Amino acid sequence: MQFYSRRKKLIGNSQTEQLYGHCLQFYGQPPIENISLSEFETFAVDRLKLLKTVENLGVSYVKTSEQYTKKLDAEFSNLNFPYKIEADDRKPQTGPSEYEKRRKDHISHFILRLAYCQTEDLRRWFIQQEIDLFRYRFNDLPSKNIREFLEYNNLHYHTISIDEKKNLMDKLINSSFAVSGSTVDCKDFYKVPFQDALDLVRTRKVYLKGGYVYIPHQDIVTIVLNDFRTRLSKALALTARSLPAVQSDERLQPLLNHLSHAYVGQDYSIQKSIGKISLEQIDPLSAKSYPLCMRQLHRGLRDSHHLRHGGRMQYGLFLKGIGLTLDQALQFWRSEFVKGKVDADKFDKAYAYSIRHMFGKEGKRTDYTPYSCMKVILSNPPSQGDQHGCPFRHSDPELLKQKLQSYKVSPSGISQILELVKGMHYQLACQKYFELTHSIEDSGFSLNHPNQYFMESQKLLVGPGAGVKVEVKREDNPATKPPNPSPHQTPGPGNLPQEVAAEITEDLDSFFQDA
């Protein structure tokens, strides 16, 4: 793949069209055309959104349920990925053509390979989400298209003839799940070498005869998924070896370095909430509306009157995002540090600069935004004595259990959270913590950011559109109750734009630096 400043699309190239001969693919051949850097970035962000949705829905719903299918269908449609068979691509369409969708699917997969081949954890996550995505799309294919897909990818699994099916009918009914005498006639059965279906043989889900297994239509996906997993694992290992050559391109290096933990949700910067809270409200808010990571940092600061640099950055930017001004932040950190081993002069000399830098008033004057969940989870893991990081990712399960018990989370809730942690679904564990501490069944959102947690908590406590349940900064009387929001006030999170990453900026590093 080559990259140019202007987009060049090779629509007429027969080799390119051959890559997209089927709506589903194993991604065996890399892209062969030239694309612009802006398109590279857009495709990567959109596929990352899709895989995040696959992950969240896969834990929240049964993967074959109507709710799972409906929500995933909507995401496919919104992001313009292929998800339904188009019989005739020449029909008039209001959006991108089927060819353009398949092209986006193909190219975006290979872009994320570059970003997610770097560590074992990233590879494992990417493989799992791609497999779930593949399973969903494969199961949606009609029988005819499944046979075309198998033939297209040289998987020589053929359906048995009607006569052979009649001869084996009793055996097929007795050995296959969800197959009965009334349904066996209308189901396809595939004759596959038994070594290709060891999982099905081990669980006794298929009929075995003469070195071949007879697999009903609904179970052939197991064989195909195993093949896809093997191919993708090998491909990621090969990509990792070639990564240094790709990273030497200064245009791609900043994007690939940040893409694996990029945040693509709402913007929780200070401009949206400046001056919304007072210092006196931080303690009660920490008990009601803080995510566990920030509650841990706040408690550690109150207990030891100090946080190391990683903790100060993570918590300081969070406080900035929920509305603390620079003056308030300096007062907050100074008042807490002087209770410990730091006097006022030392604080001004050693710590005040970093706080002003955080607000874009020192150094290169970058106005930093709060850390997303992915950045907290994947970057700068805490060492001994540190308080920062994600408790669900970085805490020992037993210590996490004790912490949850101290916050009066029910035993059944703790078990659910620990099960999600065991499956490495850390953001979903935090979302479950939100539901349990707010006494709701379904939060109705996908958690990607600590400040999102705070805003959604406040929205629940005071109702949609009411803003944050804190005092508005007023010069005449700070204790006065907040007035009703005016039409000019910053909208609550329910009214904020849902996809702030849709617009592409020219500065790639700046676009992803606060992920």
Side-chain angles (χ1 to χ4, degrees), residues 52-72 121 124-125 128-129 132 135-136 203 265 283-300 303 318 372-374 376-378 381-382 387-464 469 493-494:
K52 286 288 184 184
T53 302
V54 169
E55 179 187 31
N56 292 335
L57 294 179
V59 178
S60 302
Y61 303 99
V62 177
K63 292 178 182 177
T64 56
S65 68
E66 182 179 352
Q67 291 172 307
Y68 178 87
T69 301
K70 184 177 179 180
K71 289 180 179 292
L72 203 47
D121 285 344
R124 189 184 301 115
W125 183 88
Q128 185 58 57
Q129 308 323 314
D132 287 344
R135 179 191 293 111
Y136 162 76
T203 54
D283 280 333
L285 284 173
S286 70
K288 294 185 296 183
S289 295
Y290 273 23
L292 192 59
C293 57
M294 300 304 166
R295 196 171 182 178
Q296 173 177 284
L297 283 164
H298 183 74
R299 188 71 266 152
D303 290 344
F318 171 81
S372 68
C373 291
M374 286 299 285
V376 172
I377 291 170
L378 293 176
Q387 300 281 351
H388 68 275
C390 172
F392 302 104
R393 169 65 179 89
H394 299 118
S395 293
D396 178 81
E398 189 59 36
L399 294 177
L400 176 60
K401 181 179 179 181
Q402 294 175 13
K403 190 183 295 291
L404 293 172
Q405 288 173 339
S406 69
Y407 292 148
K408 296 182 171 49
V409 178
S410 66
S412 62
I414 292 175
S415 297
Q416 294 178 61
I417 290 174
L418 293 178
E419 192 64 28
L420 289 168
V421 169
K422 184 179 178 181
M424 296 187 293
H425 302 296
Y426 308 117
Q427 290 167 244
L428 294 171
C430 189
Q431 190 164 326
K432 175 58 67 175
Y433 172 77
F434 179 97
E435 293 168 355
L436 293 169
T437 54
H438 290 79
S439 302
I440 58 174
E441 290 293 330
D442 185 358
S443 59
F445 63 90
S446 295
L447 184 62
N448 293 300
H449 204 293
N451 289 78
Q452 178 192 12
Y453 183 109
F454 178 85
M455 296 300 289
E456 293 290 348
S457 171
Q458 287 293 299
K459 190 165 68 172
L460 270 180
L461 293 173
V462 300
K469 189 180 180 181

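Hydrogens, waters and symmetry mates are skipped; everything else that's a heavy atom, side chains included, is used. All values derive from a computational prediction rather than experimental measurement.
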Hey, are the side chains of C430 and C373 touching, using non-hydrogen atoms and a 4.5 Å cut-off? no
Test item: M424 and Q128 side chains (from C-beta on) under 4.5 Å apart, heavy atoms: no
How many angstroms lie between atom CD of Q405 and atom OG of S410, to the nearest 0.5 angstrom? 10.5 Å
Kindly indicate whether the side chain of Q458, heavy atoms from C-beta on, has any atom under 4.5 Å from the side chain of L285. yes
Under 3.5 Å: donor-acceptor pair, side chain of T69, backbone of E66: no
Would K422 and E419 satisfy salt bridge (charged side-chain N to carboxylate O under 4.0 Å, His left out), going step by step from the backbone distance to the final call? CA-CA 5 Å; K422 184 179 178 181; E419 192 64 28; 5.1 Å; no
Out of curiosity, W125 CH2 to L378 CG, how far, rounded to the nearest 0.5 Å? 10.0 Å
Working note: N448 + Q427, criterion side-chain contact (heavy atoms from CB on, under 4.5 Å); need CA distance, chi angles, decisive distance, verdict. CA-CA 7 Å; N448 293 300; Q427 290 167 244; 3.1 Å; yes
Taking H394 for its side chain and C390 for its backbone only, find out whether a donor-acceptor pair lies under 3.5 Å. yes
NZ/K288 to OG/S457 distance, rounded to the nearest 0.5 angstrom? 8.0 Å
Sidechain-backbone polar pair: Q296 side chain, Q387 backbone, donor-acceptor under 3.5 Å: yes
Within the distance-only criterion (no hydrogens, no angle test), does the side chain of Q67 pair as donor or acceptor with the backbone N or O of L57 below 3.5 angstrom? no
Which distance, rounded to the nearest 0.5 Å, do you find between the SG of C293 and the OH of Y433? 10.0 Å
Is there a donor-acceptor contact under 3.5 Å from the side chain of N56 to the main chain of L428? no
Given the rule in the side-chain contact (heavy atoms from CB on, under 4.5 Å) test, do F445 and M455 qualify, once you have shown the distances and angles that lead to the verdict? CA-CA 12 Å; F445 63 90; M455 296 300 289; over 6 Å; no
Atom pair CG/CZ of L297 and F318 - distance to nearest 0.5 Å: 9.5 Å
Does the side-chain contact (heavy atoms from CB on, under 4.5 Å) test come out yes or no for Y453 and M294, once each step is laid out? CA-CA 10 Å; Y453 183 109; M294 300 304 166; over 6 Å; no
side-chain contact (heavy atoms from CB on, under 4.5 Å) between D283 and H298, worked out: CA-CA 8 Å; D283 280 333; H298 183 74; 2.5 Å; yes
Does a side-chain heavy-atom distance below 4.5 Å link K71 with T53? no
Working to the nearest 0.5 Å, report the span between CZ of R299 and CG of L292. 13.5 Å
Side chain of H449, backbone of N451: donor and acceptor closer than 3.5 Å? yes
Do the non-hydrogen side-chain atoms of L436 and L404 ever get within less than 4.5 Å of each other? no
Could you check whether any side-chain heavy atom of L400 comes within less than 4.5 Å of a side-chain heavy atom of F392, counting everything from C-beta outward? yes
